[in-house]
Student: 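Before anything else, here's the structure in question.
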Amino acid sequence: MPADDVAANLVDVRARIARAAADAGRAAGSITLVAVSKTHDAERIEPAIQAGQRVFGENRVQEAKAKWPALRARYRDLELHLVGPLQTNKAREALALFDVIQTVDRERLAVAIAEESWRSGRRPRCCVQVNTGEEPQKAGVAPAEADGFITACRADHGLDVVGLMCIPPHDEPPAPHFALLAKIAARHGLAGLSMGMSGDFEDAIRLGATHVRVGTAIFGAR
Ligand SMILES: *Cc1c(COP(=O)(O)O)cnc(C)c1O
């Protein structure tokens, strides 16, 4: 796919976000598009930046480390979100690279982020990832454990928890999962809801998403 398709795709995705927001009686500006650029190289990402996109998501620390420092040196106002699982031994690198860590899902990781925050003076915004479908192979805290874990992240570890994130099961309608995430967030007064990908971001917006994570619809198939 040629680079100008990325710009055209962005226009289309932004229009779809605006329409879904309007349908839900929400301001389009209340939704942040996180362009998920995993597997795509800098030459493919740069047209998106030039088309005005500023918020990007990556799912691997090593891959982000290879691509983003050079782009960030050239474009100073970018914001980078980690949307994939984080190993505790990569916390230091993750805090050096990412503004937002969307995948906080266990005590040991919360501790590692807190310790690295203390050491580095960096304090990333964090989302707690909830495994709404209770899928054994999937990351995220179980819904039944979410309340205790969110409270511990904030009160015990001092993390800057700004919201919740989920990835619904592939083979189920996503709406009940989005609704569950919104309900848990509301109990904690958390404004951020990172939910919705290329296939379902309009549903997610109807159910309150503040961050939609869109890869394929912008950059094409991986
Ligand atoms: C890859 C990925 C996305 C983007 O998925 P698309 O279907 O390509 O839009 C969103 N969220 C996470 C966590 C991802 O890993």
Side-chain angles (χ1 to χ4, degrees), residues 1 5-17 19-20 31-41 44-45 47-48 51 53-68 79-87 90 94 97-106 109 124-141 146 162-175 177-178 180-182 185 192-222:
M1 195 162 64
D5 283 5
V6 170
N9 290 344
L10 264 174
V11 169
D12 179 58
V13 168
R14 287 190 193 123
R16 287 168 60 190
I17 290 171
R19 212 175 310 126
I31 297 140
T32 299
L33 172 60
V34 181
V36 178
S37 49
K38 66 188 187 206
T39 77
H40 299 289
D41 58 17
R44 188 131 190 89
I45 295 169
Q53 181 64 28
R54 286 295 175 270
V55 184
F56 291 85
E58 289 283 346
N59 71 334
R60 290 168 182 274
V61 172
Q62 290 317 113
E63 185 184 340
K65 198 177 168 186
K67 292 193 296 201
W68 285 94
E79 184 175 292
L80 199 57
H81 292 228
L82 178 63
V83 301
L86 178 58
Q87 293 170 266
K90 299 251 169 69
L97 282 164
F98 292 98
D99 303 289
V100 182
I101 296 176
Q102 292 206 4
T103 51
V104 181
D105 67 350
R106 59 202 191 280
L109 179 58
R125 284 167 278 155
C126 294
C127 295
V128 167
Q129 181 176 354
V130 182
N131 186 358
T132 56
E134 303 185 59
E135 296 172 278
Q137 81 286 5
K138 200 167 265 178
V141 63
V162 297
L164 304 182
M165 180 273 217
C166 76
I167 308 170
H170 282 301
D171 54 353
E172 289 181 28
H177 297 274
F178 298 152
L180 172 60
L181 198 72
L193 282 173
S194 174
M195 55 193 200
M197 320 200 322
S198 291
D200 55 19
F201 67 83
E202 283 131 324
D203 281 333
I205 289 168
R206 271 187 272 286
L207 289 159
T210 61
H211 291 72
V212 292
R213 309 178 309 266
V214 179
T216 309
I218 297 170
F219 296 105
R222 288 182 293 271

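Read the numbers this way: they start at 1 and go in the same order the structure lists the ligands and their atoms. The analysis underlying the following values was restricted to heavy atoms, covering all of them including side chains, and did not include hydrogens, waters or symmetry mates.
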Student: Please examine the side chains of Gln62 and Lys90, heavy atoms only from C-beta on, and report whether any two atoms are closer than 4.5 Å.
Tutor: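 Yes. Closest side-chain heavy atoms under 4.5 Å.
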Student: Any idea which atoms of ligand 1 are less than 4.0 Å away from a heavy-atom of Thr216?
Tutor: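 Here the atoms of ligand 1 in question are 6 (P), 7 (O), 8 (O), 9 (O).
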Student: Between Val214 and ligand 1, does any nitrogen or oxygen pair lie at a separation below 3.5 Å?
Tutor: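 No, Val214 has no N/O under 3.5 Å of an N/O on ligand 1.
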Student: Measure the distances from the heavy atoms of Arg222 to every atom of ligand 1 and state whether one is below 4.0 angstrom.
Tutor: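 The answer is yes: ligand 1 sits under 4.0 Å from a heavy atom of Arg222.
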Student: Kindly indicate whether the side chain of Val55, heavy atoms from C-beta on, has any atom under 4.5 Å from the side chain of Asp99.
Tutor: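 Val55 vs Asp99: side chains apart.
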Student: Could you check Val104, Leu181, Ile167, Leu164 and say which one makes a side chain to side chain contact (heavy atoms under 4.5 Å, CB included) with Gln129?
Tutor: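 Looking at Val104, Leu181, Ile167, Leu164, the match for Gln129 under the side chain to side chain contact (heavy atoms under 4.5 Å, CB included) is Ile167.
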Student: Any idea which atoms of ligand 1 are less than 4.0 Å away from a heavy-atom of Ile167?
Tutor: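 Contacts of ligand 1 toward Ile167, numbered from 1: 13 (C).
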Student: Give, for atom NZ of Lys67 and atom CZ of Arg60, the distance between the pair rounded to the nearest 0.5 Å.
Tutor: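 It comes to 11.0 Å.
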Student: By number and element, which atoms of ligand 1 are closer than 4.0 Å to a non-hydrogen atom of Ser198?
Tutor: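 So the answer, numbered in order with elements, is 6 (P), 7 (O), 8 (O), 9 (O).
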Student: Under a 4.0 angstrom heavy-atom cut-off, which atoms of ligand 1 come close to Arg213?
Tutor: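 That gives atoms 4 (C), 9 (O), 10 (C), 11 (N), 12 (C), 13 (C) of ligand 1.
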Student: So, do Thr210 and Thr32 sit near enough that their side-chain heavy atoms are less than 4.5 Å apart?
Tutor: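 Thr210 vs Thr32: side chains apart.
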Student: Is any side-chain heavy atom of Phe98 closer than 4.5 Å to one of Glu58?
Tutor: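 Result yes, sub-4.5 Å side-chain heavy-atom pair found.
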Student: Tell me the protein heavy atom at minimum distance from atom 13 (C) of ligand 1, and give that distance in Å.
Tutor: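 For atom 13 (C) of ligand 1, the nearest protein heavy atom is Val83 O, 3.2 Å.
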Student: Under 4.5 Å between any side-chain heavy atoms of Arg16 and Ile205, yes or no?
Tutor: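 Arg16 vs Ile205: side chains apart.
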Student: Considering non-hydrogen atoms of the protein only, which is the closest contact for atom 5 (O) of ligand 1, and what is the distance?
Tutor: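 Closest protein heavy atom to atom 5 (O) of ligand 1: Met197 CE, 3.8 Å.
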Student: Using a 3.5 Å cut-off on N or O atoms only, is Lys38 in polar contact with ligand 1?
Tutor: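 For ligand 1, there is an N or O atom that lies under 3.5 Å from one belonging to Lys38.
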